Undergrad: 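Before anything else, here's the structure in question.
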Amino acid sequence: MFKSPILNKISPYLFLLILLIIAFWPVFSLQHPLKWDMLDCSYPWRYYVGECLQNNYLPLWNPYQSLGYPVHADPQSSAWYPLVWIIGFFKGYNIYSISFEFFFHIYLAGVGMFLLLKELKNRVFVSLFFAASYMLSGFFIGNAQHLYWIISAAWIPFIFLYYIKFTKSFSYFHSLTAGFFTFLLITGGYPGFTIVLGYILVAYFCFKLYLLLRNSQKTEVFKLIKLNLVFLFSTLIFSSVYIISIYNVLPFMNRASSLSIEMTQFGLFSPQCSLSFFTPFAITSVYNFFDTDPSMANVYFGITSFVFFIFFFFCKKTRIHYFILLCLIICLLASFGSYTPFRAFLYEYIPFMNLFRFPALFRLFVIIFAIILSAHAMNTFMKEILINKKRISRIIGIFILFFLGLIICSALNNSFNILEVLKNTSFKYSEKSSLWEHIAFQSIIQIILLSFLFLVVIKANKIRVLLILFSLILVVDLVVASRLNEPYSVYIEECKSSEVKKYSEGFPKGFPLPDSTKIINHIDAGNGKSPLWRNMSIFHKRVAWDGFTSFYLKNYNYLIDSIPDFLKIVTNNQFAYFSSSINTMDSVKLKLKMGSINSKEVFFKSSDYQSVKSMKFVSQTSDSIYYSSFSPNGFTIVSKNGNQELLCILQSYFPGWTATVNNEKVKVYETNQSFMTIILPPGRNEIKFKYDSKSVKIGFYISLFSLIIFFLGLAIRFFIVKLKFQK
């Protein structure tokens, strides 16, 4: 390709980067911000972790959302994801850095797929062709708002790559590397992907084991088992801090147990979404037809790529191809959710399959497996072009007829003016056009592309010409499909990133002292001046009683679901307040019914109530509280109270919280179902609350030192290989 060996090596990566820049130009150029969950979930949580790290605090507790929770144990906080630490510590998060992280992971996904396909003995061009198809597939376009899904899709090809490498070469280095990439998936991705990937790797391990046993390769069998144990052990060691965090919080989590079957069917990839294999622009209209969230409906990986997927069924296949095809079919059936009994079967009989929602996540593996099989088909085509031309051209011809049929159906179902559709809907968000107009519009584009592909296959005889023209068709195909859908699922067209950046500059830095405002008045929503509209308490650094998250502690969830009126009464106080009135939690519902609860009344668990009911508590109007320090993991309060009384804190009670009064440790009571209370002696008191977890810190150091050792080993190996090469 190039005379320079260096250019030859980097040219595939440059091609992927340039293609990605063109396809995602509105995001890459920082013109428009990403939308939906990216702004109201990923951005605020990463912003908070970054604020902790820049102020030299471990991200252990978040006091600002849902009246406080252990952020280190929230899988979606990415509190232990290395890239979040790098960006958070050195730069801090803003609307530009979250866009960079999104873009960077999609690029990594392309690189990972390129290396995986090369490892599977595909030609460089074929590997690059389908790496581009993966990088700009409907998964990345449709789920652009779900950064945890994007991260999962970025690392899974690398895990497959190094798992295949160590099962072939029996290399400890490759086994450890696979463990490292799995650690990145676990700490940064959505847990459902880790579970599904785990089963696929187990299936592949059994498949390899069967082949080795069949060939009586007993030595290799023991090596395979040993290296898989190394892979598993390294994954667990690297992920120690994450695993310990999750383990500690399981008894207190609302979603630690099995979900209902209905919940696990939520967010499916319905059979009618299969239309996105051909015309992904269709899923941006008439959402109720597809019976799912639009983010879950896109499975496109290029019409040119899909031609070769069909051609695969006419190619010579090996056992591994049949294994991959079986995995593809299983994942496709599972992605259909309630439309087939397969997801319910997994729920009932396969461990951990009852712990996550969104059957549509299985479609990522459908895309990966389809691309692997399609790459094999193109490789086969390239080996014997003259023999395979006729078959490929027939497949292309059938697709052209198929799209012509879609255009005819569109005309019969909906009269449309193609120029009007082009004006109103192309490359911009529009609610004016219909489903059939979207289908017809993209069908015309597909016919043009396929016609050109047909001519290339028939006329081009030189490999070099064929490769150049294939590349051109692929680029146009993927870029057009991506840019058509992006205003609907990737970025906010009517808003500028610079506006969000300017608005964000007004957020307080560090961790200011709480004010005297009643917590019930701290509204978590935005003010309508910015696309930032939920989880705003994190940006404004104010303790809020609500928040948009799927991570709820059990007691807090009981408050908002079963006794919300009681929560309103309790939060009609400032962050810390005095009380002298006590009762038992057993009496709450009756007192609510009678309307006899006041906001200062403190309700103890029955066992604790027995130990405090004989004590005398008196509050005076002259009693005062002021805050002398506040941080994510603790705060200091100075009180002046004339009598013994209770100090109540509107933060969730959770193991790890301790309190001292005048440097002497005191008991922290769980009161009002979910909050903390201590007993204060009369006089001037300095009260320190601190949240800490020794086991999480131990896990952190295990993870940190194991990663340091891994990278030192990586550096040593690199220099040894370099020295051998020079000799």
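What you are looking at is a predicted structure, and each value in this text was computed from that prediction instead of being measured.
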Undergrad: Measuring centre to centre across the rings, with the benzene-like ring taken for any Trp, is Tyr163 within less than 6.0 Å of Phe160?
TA: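 Tyr163 vs Phe160: aromatic centres not under 6.0 Å.
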Undergrad: Using a cut-off of 6.0 Å, state whether more than 12 heavy atoms not belonging to Tyr701 lie near its atom OH.
TA: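 Atom OH in Tyr701 is not packed in, count stays at 12 or less.
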Undergrad: With no hydrogens and no angle check, do the side chains of Asn143 and Tyr148 hold a donor and an acceptor under 3.5 Å apart?
TA: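 Distance-only check fails for Asn143 and Tyr148.
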Undergrad: Okay, side chain of Asn379, backbone of Arg123: is any donor-acceptor separation there less than 3.5 Å?
TA: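 Flag set: sc Asn379 to bb Arg123 pair under 3.5 Å.
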Undergrad: Let's go through Phe365 and Leu328 carefully: what are the C-alpha distance in whole Å and the side-chain angles of both, what is the deciding distance for side-chain contact (heavy atoms from CB on, under 4.5 Å) to 0.1 Å, and is it a yes or a no?
TA: CA-CA 7 Å; Phe365 298 96; Leu328 186 156; over 6 Å; no
Undergrad: What pair of heavy atoms forms the shortest contact from Phe301 to Ser374, and how long is it?
TA: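 Shortest heavy-atom contact: CE1-OG, 4.0 Å.
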Undergrad: Do the two ring centres, one from Phe103 and one from Trp25, sit under 6.0 Å apart?
TA: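 No, the ring centres sit 6.0 Å or more apart.
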Undergrad: With a 6.0 Å cut-off on the ring centroids, do Phe238 and Tyr242 count as close?
TA: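 Here the rings of Tyr242 and Phe238 have centres that are no less than 6.0 Å from each other.
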Undergrad: I'd like to know if the side chain of Asn94 pairs up with that of Ser504 as donor and acceptor (distance under 3.5 Å, no hydrogens or angles considered).
TA: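 The criterion, which ignores hydrogens and geometry beyond distance, is not satisfied for Ser504 and Asn94.
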Undergrad: Less than 4.0 angstrom from a charged side-chain N to a carboxylate O is my criterion; do Glu119 and Lys165 meet it?
TA: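 A salt bridge is present here (some side-chain N lies under 4.0 Å from a carboxylate O).
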Undergrad: Would Phe140 and Tyr134 count as a close aromatic pair, with their ring centres under 6.0 Å?
TA: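 Ring centroids of Phe140 and Tyr134 are less than 6.0 Å from each other.
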Undergrad: Quick check: are there more than 12 heavy atoms from other residues, nucleotides or ligands sitting under 6.0 Å from NZ of Lys168?
TA: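 Counting other residues, nucleotides and ligands, NZ of Lys168 exceeds 12 neighbours.
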Undergrad: Counting the benzene-type ring for Trp, do Phe158 and Phe181 have ring centres under 6.0 Å apart?
TA: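 Between Phe181 and Phe158, which both carry aromatic rings, the centre distance is below 6.0 Å.
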Undergrad: Of the non-hydrogen atoms in Ser175 and Leu227, which two are nearest, and what is the gap between them?
TA: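 In this case the closest contact between Ser175 and Leu227 is OG-O, 2.8 Å.
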Undergrad: Decide if the gap between the ring center of Phe24 and the ring center of Phe102 is smaller than 6.0 angstrom.
TA: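 Ring centres of Phe102 and Phe24 closer than 6.0 Å.
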Undergrad: Is Arg717 positioned over the aromatic face of Phe173, cation under 6.0 angstrom from the ring centre and no more than 45 degrees off axis?
TA: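 Flagged: Arg717 positioned over aromatic ring of Phe173.
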Undergrad: Run the numbers on Ile95 and Leu30 for side-chain contact (heavy atoms from CB on, under 4.5 Å), then give the verdict.
TA: CA-CA 9 Å; Ile95 198 66; Leu30 303 175; over 6 Å; no
Undergrad: Evaluate the side-chain hydrogen bond (donor to acceptor under 3.5 Å, both in side chains) criterion for residues Tyr93 and Glu51: first the C-alpha distance (whole Å), next the side-chain angles of each, then the deciding distance (0.1 Å), finally the verdict.
TA: CA-CA 8 Å; Tyr93 272 90; Glu51 285 286 275; over 6 Å; no
Undergrad: Evaluate the criterion ring-ring contact (aromatic ring centres under 6.0 Å, His included) for residue pair His376 and Phe313; output intermediate values, then yes/no.
TA: CA-CA 11 Å; His376 168 69; Phe313 293 95; over 10 Å; no
Undergrad: So, the side chain of Asn388 versus the backbone of Glu384: is there a donor-acceptor pair under 3.5 Å, distance only?
TA: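 Yes, Asn388 side chain to Glu384 backbone: donor-acceptor pair under 3.5 Å.
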Undergrad: Can you name the nearest heavy-atom pair linking Phe381 to Leu466, along with the distance?
TA: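 In this case the closest contact between Phe381 and Leu466 is CE2-CD2, 3.9 Å.
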Undergrad: What class does the angle between the rings of Phe311 and Phe308 fall in, given that below 30° is parallel, 30 to 60° is tilted and above 60° is perpendicular?
TA: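 Judged by the thresholds at 30° and 60°, the geometry between Phe311 and Phe308 is perpendicular.
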Undergrad: Would the distance check show the side chain of Gln145 and the main-chain N or O of Trp36 forming a donor-acceptor pair, the cut-off being under 3.5 Å?
TA: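 The answer is no, because no donor-acceptor pair under 3.5 Å joins these two groups.
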Undergrad: Around atom NZ of Lys317, are there more than 12 heavy atoms from other residues, nucleotides or ligands closer than 6.0 Å?
TA: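 Counting neighbours around NZ of Lys317, more than 12 heavy atoms of other residues, nucleotides or ligands fall under 6.0 Å, so yes.
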Undergrad: Hey, are Thr177 and His174 close enough side-chain-wise for a donor-acceptor pair under 3.5 Å?
TA: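 The answer is no; no qualifying pair exists.
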Undergrad: So Phe278 and Phe399, would you call those rings parallel, tilted or perpendicular, with 30° and 60° as cut-offs?
TA: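 Tilted.
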Undergrad: Can you tell me if Thr284 uses its side chain to pair, donor with acceptor, with the backbone of Phe281 under 3.5 Å?
TA: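 Present.
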Undergrad: Please step through side-chain hydrogen bond (donor to acceptor under 3.5 Å, both in side chains) for the pair Asp477 and Thr304, ending with a clear verdict.
TA: CA-CA 8 Å; Asp477 176 12; Thr304 48; 3.2 Å; yes
Undergrad: Should the ring pair Tyr43 and Tyr47 be called parallel, tilted or perpendicular, given that the plane angle runs from 0 to 90° and is split at 30 and 60?
TA: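 Tyr43 vs Tyr47 ring planes: perpendicular.
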Undergrad: What heavy-atom pair brings Val299 and Ser276 nearest, and what distance separates the two atoms?
TA: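 Closest heavy-atom pair between Val299 and Ser276: N-OG, 3.0 Å.
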Undergrad: Can a donor-acceptor pair be found, under 3.5 Å and without considering hydrogens, that links the side chain of Ser489 to the backbone of Ile141?
TA: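 Side chain of Ser489 to backbone of Ile141, a donor-acceptor pair under 3.5 Å: yes, one is there.
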Undergrad: Would you check if the distance from the ring center of Phe362 to the ring center of Phe269 is below 6.0 Å?
TA: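 Not under 6.0 Å, so no.
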Undergrad: Any idea which heavy atoms bring Asn485 and Pro280 closest together, and the distance?
TA: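 Shortest heavy-atom contact: ND2-O, 3.1 Å.
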Undergrad: For Tyr491, is the NZ or CZ atom of Lys35 found under 6.0 angstrom from the centre of its six-membered ring and inside 45 degrees of the ring axis?
TA: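 No cation-pi geometry.
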Undergrad: Has Arg483 got a side-chain atom pairing as donor or acceptor with Lys428's backbone, closer than 3.5 angstrom?
TA: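 No: the side chain of Arg483 does not pair with the backbone of Lys428.
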Undergrad: Would you confirm whether the ring centroid of Tyr190 sits within less than 6.0 angstrom of the ring centroid of Trp149?
TA: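 Aromatic pair counts; centres sit under 6.0 Å.
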Undergrad: Would Asn298 and Tyr488 count as a side-chain hydrogen bond (donor to acceptor under 3.5 Å, both in side chains) if you check the C-alpha gap in whole Å, the side-chain angles of each, and the deciding distance to 0.1 Å?
TA: CA-CA 12 Å; Asn298 197 339; Tyr488 295 87; over 6 Å; no
Undergrad: If you apply the rule side-chain contact (heavy atoms from CB on, under 4.5 Å), what do you find for Leu332 with Ser335, and how did you get there?
TA: CA-CA 5 Å; Leu332 183 61; Ser335 71; 3.9 Å; yes
Undergrad: Take the angle between the ring planes of Phe323 and Phe207 and call it parallel below 30°, perpendicular above 60°, tilted in between.
TA: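 Phe323 vs Phe207 ring planes: parallel.
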Undergrad: Assess the pair Phe100 and Phe104: is the distance between their ring centroids shorter than 6.0 Å?
TA: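 Judged by ring-centre distance (under 6.0 Å), Phe100 and Phe104 do meet the cut-off.
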Undergrad: side-chain hydrogen bond (donor to acceptor under 3.5 Å, both in side chains), that's the test. Do Ser497 and His32 meet it? Break it down for me.
TA: CA-CA 5 Å; Ser497 294; His32 302 291; over 6 Å; no
Undergrad: Start with the C-alpha gap between Phe231 and Leu176, add the side-chain angles, then the distance that decides, and say whether side-chain contact (heavy atoms from CB on, under 4.5 Å) holds.
TA: CA-CA 6 Å; Phe231 164 61; Leu176 291 170; over 6 Å; no
Undergrad: Which atom names give the shortest non-hydrogen contact between Ala109 and Pro157, and what distance separates them?
TA: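 Answer, listing the atom of Ala109 first, then Pro157: O-CG, 4.4 Å.
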Undergrad: Under the 3.5 angstrom rule, does the side chain of Ser240 hit a backbone N or O of Ile237 as a donor-acceptor pair?
TA: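 Checking the backbone N and O of Ile237 against the side chain of Ser240, a donor-acceptor pair under 3.5 Å is found.
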